[in-house]
Q: 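Just passing along the structure, written as structure tokens.
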Amino acid sequence: MTVRPLPTLLLAILLLLPQGLSSGIYSAGSGEIAAALGLSADEASWLNLLYMLGQILSLPLSAWLARQWGSRQLLRGAALVGAMATLATLLAPTQWHWPAWFLHGVCASAMLLLAHRVVLGSLNFSAISVVQAVMSLVVVLAPLGLYPLLMGQLAEAGLWHWAFALQLIPYLALLYWVRFGPWPWPEQAERHRFNWVQAGLLGAVLTAVTLLLLKGERYNWFDDPQITDLAALTLPLGALAVVAIRRGWGRGTLLEPQVLALPSARVGMVNAAVAGFAVMGATMLTSGFVTGTLGYSHAQLGQLELVSFGGMLLGALVAVRVTYFPGGQPDKVVPLGVLMMVIACVLMTSSSGDSGLSDLWPAMLLKGLAVGILNVTVVIHILRSLPRAHLLQGVAWFYLFRTLGSMLSIAEFSRLKTLEAANATSVLGSYFNPASDTFHHYSHSLSQGLGASGQITSALLSGALKGQVASVASVNSFQWLIASIACCAVLMVGSKVWAAKQATKS
């Protein structure tokens with residue numbers, strides 16, 4: 001059966017659109033969504049947590065269901081559930097938004113898995129390189145580069161619901177495709193017994209880790225007894241889950257450990273986690289620096305991300321060039337992307353809000369180039385090397401590691417930024433103490449220069465303190481990111497050396 005790349009690419013893009021839209025909506029309009037629903041910032045963060053929890057729990061389940069039901073039947077069910085979740089988000093009362101966001105994450109992971117199954121299971125070596133690059137544009141690069149402008153404008157105008165309405169288009173198109181469109185291959189459902197032991201242990205561990213990483217960063221893990229108890233429970237539970245999967249406890253199947261038997265596959269999972277960590281960390285800190293420290297709006301951030309998107313396109317072209325032919329050596333390109341990310345962070349911290357948006361475009365362009373190289377190269381190189389006999393499980397493992405790397409980045413830099421802000425406040429706040437001579441000097445200078453009253457002077461000094469605290473916290477957080485990327489680079493090189501030694505032994 002001859003598989004045409006163009007219909008396969010169109011089907012893959014439709015499968016990936018819901019994930020990009022959902023993630024873009026929250027990242028660009030979380031504040032406006034919380035205000036519209038009457039939620040606090042902490043309450044609104046549960047929407048993102050439930051979305052991420054749905055994503056990570058759906059990966060092993062979708063890999064099992066795709067074999068049990070067949071890919072076409074799983075797509076029909078995911079599209080129906082996704083369409084209902086979209087309607088609930090658009091029309092239902094606030095209490096229905098919590099399960100709706102969870103279902104958005106479930107459907108996004110199921111369709112992500114099916115998109116890679118369609119492409120990797122039906123196209124040849126070179127066609128996979130081109131199609132996967134376009135898929136990365138849709139699911140990763142476009143949400144990072146284009147969606148912030150669209151979602152920021154909709155959110156600031158109070159029209160964020162319309163972004164959810166856009167999701168109905170791919171869901172309805174997929175339901176039509178399942179019924180009338182071409183399918184890349186004939187398939188039959190395989191009967192596998194569901195392993196409840198492994199599923200229970202893995203689901204409990206993933207839920208606990210998601211709660212620890214996405215909610216724990218708002219508190220001090222070592223002072224909050226609930227967080228500490230959850231961490232103490234997660235460690236032995238995680239070890240038990242690893243042993244259960246490796247030794248095949250329980251009756252039936254879930255995620256097969258044979259995918260990770262090869263040293264090259266283990267190195268690939270490390271690279272997936274590192275790529276997710278670096279890209280998420282750079283995206284978070286850039287967004288916070290531009291909007292929080294420099295004071296630009298989300299719409300202006302979206303304009304800057306357009307520059308970054310241009311760099312992502314260049315990075316994607318580089319990735320296609322080194323992965324199109326078998327001898328392209330994509331492993332040598334990944335360190336180049338890491339180096340570009342470090343340089344972009346240095347340029348970003350040297351920027352000033354007074355110089356305007358034009359001062360930021362070199363850093364944004366270089367950051368986009370690094371993101372394009374890292375994302376596209378890693379995804380193509382790792383997923384294409386997976387054994388086709390365990391393709392579904394391999395894709396699920398890959399995105400489990402990648403998602404965990406992204407969540408670890410969220411937890412680390414959210415917590416570090418909070419600590420840096422607290423330290424900067426304690427140091428800089430001493431200079432704004434009414435009992436200090438420095439405060440009186442600043443206050444007297446402002447009063448004479450502006451002819452302002454004491455209350456206005458205090459307000460101006462308070463605003464200056466907040467600006468300095470935000471600037472110091474952002475710059476220090478970028479320095480932590482650079483140090484973390486350096487550690488990740490050492491980890492990547494070490495894992496590659498280990499895999500080479502294992503290959504020579506065998």
Side-chain angles (χ1 to χ4, degrees), residues 9 12-13 16-17 19-21 23-25 27-28 129-154 163 166 275-276 278-291 294 296-324 328 330 333-353 355-380 406 478 481 485:
L9 174 61
I13 289 175
L16 295 175
L17 276 175
Q19 183 185 31
L21 288 170
S23 59
I25 289 170
S27 61
S129 175
V130 178
V131 173
Q132 284 283 165
V134 178
M135 290 167 59
S136 295
L137 286 176
V138 174
V139 72
V140 177
L141 305 187
L144 293 177
L146 294 180
Y147 289 175
L149 179 60
L150 173 62
M151 302 304 175
Q153 291 176 342
L154 288 175
L166 293 175
V279 171
M280 180 58 71
T283 303
M284 277 181 56
L285 295 183
T286 299
S287 176
F289 182 75
V290 172
T291 58
L294 301 184
Y296 294 130
S297 66
H298 285 290
Q300 290 173 317
L301 173 63
Q303 295 173 13
L304 284 173
E305 292 293 355
L306 287 179
V307 178
S308 181
F309 184 66
M312 294 177 196
L313 292 177
L314 294 176
L317 291 176
V318 173
V320 171
R321 175 65 183 83
V322 299
T323 57
Y324 191 78
V333 180
V334 175
L336 178 63
V338 173
L339 177 62
M340 288 182 178
M341 186 71 76
V342 172
I343 297 174
C345 292
V346 174
L347 292 176
M348 184 69 65
T349 55
S350 64
S351 302
S352 170
S355 58
L357 296 175
S358 60
D359 189 45
L360 293 169
W361 76 263
M364 297 298 290
L365 181 65
L366 199 58
K367 188 205 81 171
L369 185 60
V371 170
I373 291 175
L374 285 174
N375 265 290
V376 182
T377 305
V378 168
V379 170
I380 294 174
S406 299
F478 271 110
L481 175 61
I485 291 176

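Values below: every heavy atom of this structure, side chains too, minus hydrogens, waters and symmetry copies. These figures come from a predicted structure and were not determined experimentally. Here, residue 1 is the first one in the sequence, and each next residue gets the next number.
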Q: Do the non-hydrogen side-chain atoms of Thr286 and Phe478 ever get within less than 4.5 Å of each other?
A: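 A side-chain contact exists here, since the closest heavy-atom pair is under 4.5 Å.
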
Q: Which atoms form the tightest heavy-atom contact between Ala133 and Val320, and what is the distance?
A: CB-CG2, 3.3 Å

Q: List the atom of Met280, the atom of Ser406, and the distance in Å for their closest heavy-atom pair.
A: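 Scanning both residues completely, I find the closest heavy atoms to be CG-O, 3.5 Å.
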
Q: Rounded to the nearest 0.5 Å, what's the gap from CE on Met341 to CG on Leu481? Could you check?
A: 7.5 Å

Q: Report the C-alpha separation of Val318 and Leu314 in whole Å, then their side-chain angles, then the decisive distance to 0.1 Å, and conclude whether the side-chain contact (heavy atoms from CB on, under 4.5 Å) test is met.
A: CA-CA 6 Å; Val318 173; Leu314 294 176; 5.7 Å; no

Q: Within the structure provided, determine whether Gln132 and Val376 are in side-chain contact (heavy-atom separation under 4.5 Å).
A: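 No, too far: nothing below the 4.5 Å cut-off.
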
Q: Looking only at heavy atoms, which two atoms of Ala344 and Lys367 are closest? And how far apart?
A: CB-N, 3.7 Å

Q: Got Met312 and Leu369 here, is their nearest side-chain heavy-atom distance under 4.5 Å?
A: no

Q: Which heavy atom in Met135 sits nearest to a heavy atom in Leu16, and how many Å separate them?
A: CB-CD1, 3.5 Å

Q: Run the side-chain contact (heavy atoms from CB on, under 4.5 Å) check on Leu347 and Met364 step by step: do they pass?
A: CA-CA 9 Å; Leu347 292 176; Met364 297 298 290; over 6 Å; no

Q: Locate the shortest heavy-atom distance separating Thr323 from Ser129; write the atom from each residue and the value.
A: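 Heavy atoms only, the tightest pair is OG1-OG, 2.7 Å.
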
